**Student:** 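Take this structure first; my questions come after.
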Amino acid sequence: MDKEQARIRIGELRDLINENNRRYYVENSPVISDYEYDMLMNELIALEKQYPELVTEDSPTMRVGSDLANRPDAKSGKAAAQQKEFAQYPHRYPMLSLGNTYDISEVEAFADRASRSIGDRFTFSTELKFDGTAICLTYRHGELFRALTRGDGTIGDDVTENVHHISNIPRKLTGGGWPDEFEIRGEIYMPYKAFDRLNAERERDEDPPFANPRNAASGSLKLINPKEVGHRGLECTLYHMLGENLPFETHDQALNAAASWGLPVSDKRKICRDIHEIEEYISYWDTERKFLPFATDGIVIKVNELAFQKSLGYTSKFPRWAVAYKFQAERALTKLRSIDYQVGRTGAVTPVANLDPVPLSGTTVKRASLHNLDQMRLLDIRIGDYVYVEKGGEIIPKITGVEISQRPAGAVVPEFPSVCPDCGTPLVRDEGEAKFFCPNAEGCPTQIMGKLVHFISRKAMNVIAGDATIEQMFRLGLVRKPSDLYSLDKDDLLKLEGWKERSAERFLASIEASKATPFDHVLFALGIRYVGETTAKSLARHFGDMDSLMAASREELLAVEDIGEVIADSVLAFFADSRNREEVERLKAAGLKFSMAEESSEVSDLLAGKTIVISGNFSISRDAMKALIEKNGGKNSSSVSSRTSYLLAGSKPGPEKMKKAEQLGIEVIDEARLMQMLGGSTPDADGEAEAQATAADTRTGSQVANVQSPVAGDKTAEDRKEDGPGSGPEVRQDAEGQLKLF
């Protein structure tokens with residue numbers, strides 16, 4: 001192309017890259033893949049190299065992407081309730097990006113350039129490229145002084161308070177011999193099991209799931225509430241040390257020293273002598289990375305000797321002594337057969353693509369969410385198209401593009417419904433919302449059943465039943481509101497297909513046990529839009545009882561930690577509806593707890609200052625055991641670290657946690673020892689009562705008898721994943737929605 005054409009294309013590319021930088025770094029919601037982004041950047045670099053007179057200082061090729069002012073569009077307000085402004089400080093040393101490539105020949109060229117420039121013998125440090133969000137930690141006198149995000153490379157957001165709640169980042173160094181002050185940089189990431197748990201919670205609350213662990217980590221790091229950051233399960237790996245007169249000759253020596261001080265450093269790195277060893281390392285991890293518990297998107301190759309790093313220096317954007325080789329995201333091309341439009345419990349309508357089955361990252365993908373109408377238009381998708389499917393973080397199937405060259409003649413543009421697919425009510429779209437909603441909350445069958453299923457769910461009222469049971473009850477006219485569940489009797493339940501007297505008794509026992517559920521869980525169970533598990537706990541603790549919450553003004557709601565305008569308005573709208581207030585009164589009459597004062601006052605400080613990790617099965621549920629620890633002043637943690645006081649091990653504890661405790665010298669105690677520490681008390685009866693509840697789910701007429709409650713001594717999916725095979729049964733719904741033992 002000539003110079004004028006190049007000028008036009010350069011302008012287009014800069015606009016595209018800047019927009020996608022904003023979506024990636026600021027909104028944590030990218031709409032194109034890393035590969036597509038890198039191809040745009042490479043095209044811009046090539047054009048600016050061909051026409052250097054067109055290069056400008058504000059070109060994205062001259063600066064790193066910025067995560068500063070990490071705030072959402074003010075029009076929506078929803079994300080604003082989740083995040084805050086942070087103080088900003090300059091980086092002592094610029095925090096640059098890495099040059100990257102998908103072509104192994106460019107890695108070979110990098111190694112050859114380094115060899116020609118250095119001349120002397122040297123080595124390479126090859127390391128996994130963690131897919132998270134960059135962090136810079138400063139330690140002074142052996143204590144964490146400040147944690148800054150990358151920001152724009154010269155200034156970063158101060159997230160020190162939040163970083164204090166990331167379990168494997170020490171506040172104080174151990175051992176000795178560290179410099180009086182130094183910086184160490186790395187990546188904060190979200191392991192797959194934490195990512196699964198977070199997205200399951202978001203989908204349950206009908207919040208859009210994070211596309212991948214990187215976006216989840218970046219968004220979580222900037223939450224308002226530091227304690228909530230701790231609940232997100234973030235971890236950190238550090239990979240680069242900086243400081244004045246550091247006493248190391250190589251990068252590898254510096255990281256080994258950091259590890260000896262208790263800093264989290266990857267043990268997957270390797271020193272390579274030449275390009276052949278580098279290529280072997282890349283080839284090995286291109287396969288083995290799929291078995292890691294966290295996301296990686298490539299390999300970083302660094303000149304190991306610090307003196308040679310210094311002599312090679314930097315460009316305006318990248319170090320010349322390092323390069324990143326990025327793995328191609330696994331994707332597949334398959335045909336889009338149709339699109340379903342699903343209605344959730346809050347009325348949100350989500351398009352779901354039905355695909356020709358295609359193998360991808362070890363599973364067969366048949367369906368993928370299209371999220372909303374805007375995403376469908378952005379993809380310019382048609383029924384019958386061949387579409388590219390990837391797994392975000394190799395977990396969530398998503399459609400990333402359309403192969404236009406294979407578009408069949410007469411491919412039909414999908415028509416997003418204007419009315420609810422279930423009840424026919426005209427859909428609405430609130431200002432600032434991406435999704436359309438069915439406003440017929442009281443008459444839409446799918447919404448009604450969805451709210452009932454949410455109400456009985458484990459982290460809400462914990463009634464042992466599933467979708468199929470609720471659907472039967474609804475179709476027979478037995479329940480339409482949660483309060484109806486508390487009016488059911490044995491005769492009602494025997495009307496359900498396949499139910500016998502024993503099944504009915506167990507279900508009623510489960511309903512009775514649910515009356516002991518704490519107020520914050522009851523509040524969560526009501527299904528107020530945007531009020532998730534954590535928000536419900538904040539509201540319950542702040543107001544103390546339901547009457548005070550229902551009487552709260554907008555200003556009073558906004559004074560609650562973690563509550564922003566969108567959540568406040570949603571709470572106000574919920575309680576402004578007289579039908580919701582009437583339902584609260586019916587639930588009160590049924591005996592549910594609507595006050596913190598109604599809950600047990602048996603609190604001690606016997607475990608004050610103790611951080612306890614639990615693993616395995618106990619005589620009561622794991623949730624009940626955690627509650628017992630908290631009631632006695634202790635703190636629960638999900639992972640073993642140097643700050644762990646005890647590992648509480650039941651039957652079949654996780655081998656990884658046991659191994660880590662042994663390595664760190666953490667005392668392992670059993671349930672009997674814990675009870676001795678609490679003065680010989682016994683666990684709360686709540687968990688034991690829950691264990692008595694069983695249910696039958698009868699969509700196909702088969703009965704499930706003697707099924708243990710999933711919260712009574714049973715492990716979560718994350719626990720089983722860590723413990724490995726044979727760690728105990730799981731109760732979950734099968735493809736038909738029935739409760740089964742797996």
Side-chain angles (χ1 to χ4, degrees), residues 64 89-99 114 118 122-130 132-151 153-156 158-160 163-164 166 168-189 221 235-272 296 299-314 318-324 641-642:
V64 302
Y89 295 94
H91 289 294
R92 186 172 182 180
Y93 310 96
M95 201 166 178
L96 305 180
S97 298
L98 278 178
I118 295 171
F122 67 100
T123 56
F124 297 96
S125 176
T126 47
E127 308 163 14
L128 295 178
K129 185 176 183 295
F130 288 74
T133 185
I135 195 70
C136 177
L137 308 178
T138 298
Y139 281 86
R140 285 184 181 174
H141 316 304
E143 296 189 14
L144 179 60
F145 170 70
R146 181 171 290 151
L148 295 179
T149 68
R150 182 195 301 277
T154 59
I155 296 173
D158 183 354
V159 291
T160 309
V163 163
H164 281 157
I166 297 176
N168 71 336
I169 297 179
R171 295 194 185 196
K172 293 185 178 182
L173 301 180
T174 58
W178 56 76
D180 194 51
E181 180 173 339
F182 67 94
E183 287 186 6
I184 188 161
R185 294 173 175 178
E187 206 84 358
I188 289 174
Y189 62 93
L221 184 61
E235 295 184 10
C236 179
T237 291
L238 301 168
Y239 49 64
H240 184 53
M241 192 186 299
L242 291 159
E244 300 299 320
N245 302 314
L246 294 178
F248 312 111
E249 293 183 358
T250 68
H251 168 73
D252 189 57
Q253 289 175 2
L255 293 187
N256 287 335
S260 73
W261 305 331
L263 291 165
V265 173
S266 173
D267 60 357
K268 306 292 189 295
R269 64 189 192 280
K270 180 182 178 182
I271 301 302
C272 296
T296 59
I299 299 295
V300 178
I301 303 102
K302 303 173 182 175
V303 171
N304 187 34
E305 288 73 18
L306 300 181
F308 295 149
Q309 287 186 8
K310 186 175 181 179
S311 66
L312 289 170
Y314 301 82
F318 308 122
R320 291 191 176 94
W321 44 265
V323 70
S641 72
S642 59

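Please read these numbers as outputs of a predicted model, since none were measured by experiment. Along the sequence shown, the residues carry numbers beginning at 1.
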**Student:** Is the shortest side-chain heavy-atom distance between Thr174 and Ser642 below 4.5 Å?
**Tutor:** no
**Student:** Working to the nearest 0.5 angstrom, can you tell me the gap between Thr237 OG1 and Ile135 CD1?
**Tutor:**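 Here the interatomic distance stands at 13.0 Å.
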**Student:** So, do Thr138 and Arg92 sit near enough that their side-chain heavy atoms are less than 4.5 Å apart?
**Tutor:** no
**Student:** Does any part of the side chain of Lys270, heavy atoms only, come nearer than 4.5 Å to the side chain of Thr126, both counted from C-beta?
**Tutor:**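 Of all side-chain heavy-atom pairs linking Lys270 with Thr126, at least one is under 4.5 Å.
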**Student:** Looking at Ala147 and Val163, what are the two nearest heavy atoms and their distance?
**Tutor:** CB-CG2, 3.7 Å
**Student:** To the nearest 0.5 Å, what is the distance between CD1 (Ile271) and OG1 (Thr123)?
**Tutor:**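 So the CD1 of Ile271 and the OG1 of Thr123 are separated by 5.5 Å.
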**Student:** Pair Leu144, Leu173 - check side-chain contact (heavy atoms from CB on, under 4.5 Å), show working.
**Tutor:** CA-CA 8 Å; Leu144 179 60; Leu173 301 180; over 6 Å; no
**Student:** Out of curiosity, Thr154 OG1 to Met95 CE, how far, rounded to the nearest 0.5 Å?
**Tutor:**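 So the gap between those two atoms works out to 12.0 Å.
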**Student:** CD of Gln309 to OH of Tyr314: how many Å apart, nearest 0.5 Å?
**Tutor:**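 Separation between the atoms: 6.5 Å.
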**Student:** Could you check if a side-chain atom of Lys302 sits within less than 4.5 angstrom of a side-chain atom of Arg269, using non-hydrogen atoms only?
**Tutor:** no
**Student:** Could you pull out the closest heavy-atom pair between Val265 and Ala259, with the gap in Å?
**Tutor:**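 Minimum heavy-atom contact is CG2-N, 4.0 Å.
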**Student:** Could you go through the side-chain contact (heavy atoms from CB on, under 4.5 Å) check for Leu128 and Ile299 one step at a time?
**Tutor:** CA-CA 5 Å; Leu128 295 178; Ile299 299 295; 3.8 Å; yes
**Student:** When rounded to the nearest 0.5 angstrom, what distance separates CG in Leu148 from CZ in Arg146?
**Tutor:** 6.0 Å
**Student:** Considering only heavy atoms from C-beta outward, does the side chain of His91 approach that of Cys136 to under 4.5 Å?
**Tutor:** yes
**Student:** Might you work through the side chain to side chain donor-acceptor pair (under 3.5 Å) test for Thr160 and Asp158, ending with a clear yes or no?
**Tutor:** CA-CA 6 Å; Thr160 309; Asp158 183 354; 2.5 Å; yes
**Student:** Quick one: does His141's side chain get under 4.5 Å of Asp180's, heavy atoms only?
**Tutor:** yes
**Student:** Taking the side chain as C-beta and beyond, is there a heavy-atom pair between Leu263 and Pro170 under 4.5 Å?
**Tutor:**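 Leu263 vs Pro170: side chains touch.
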**Student:** Among Glu187, Arg185, Glu127, Lys129, exactly one meets side-chain hydrogen bond (donor to acceptor under 3.5 Å, both in side chains) together with Tyr239. Which residue is that?
**Tutor:**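 Among Glu187, Arg185, Glu127, Lys129, the one that satisfies the side-chain hydrogen bond (donor to acceptor under 3.5 Å, both in side chains) with Tyr239 is Glu187.
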**Student:** Under the rule for ring-ring contact (aromatic ring centres under 6.0 Å, His included), what residues qualify as partners of Tyr139, not counting sequence neighbours?
**Tutor:**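 Partners of Tyr139 under the ring-ring contact (aromatic ring centres under 6.0 Å, His included) test: Phe182.
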**Student:** Rounded to the nearest 0.5 Å, what separation is found between the CH2 atom of Trp321 and the CG atom of Asn304?
**Tutor:** 10.5 Å
**Student:** Identify the heavy atoms of Asn168 and Cys236 that sit nearest to each other, and give their distance.
**Tutor:** ND2-O, 2.9 Å
**Student:** Taking the side chain as C-beta and beyond, is there a heavy-atom pair between Glu181 and Phe145 under 4.5 Å?
**Tutor:** no
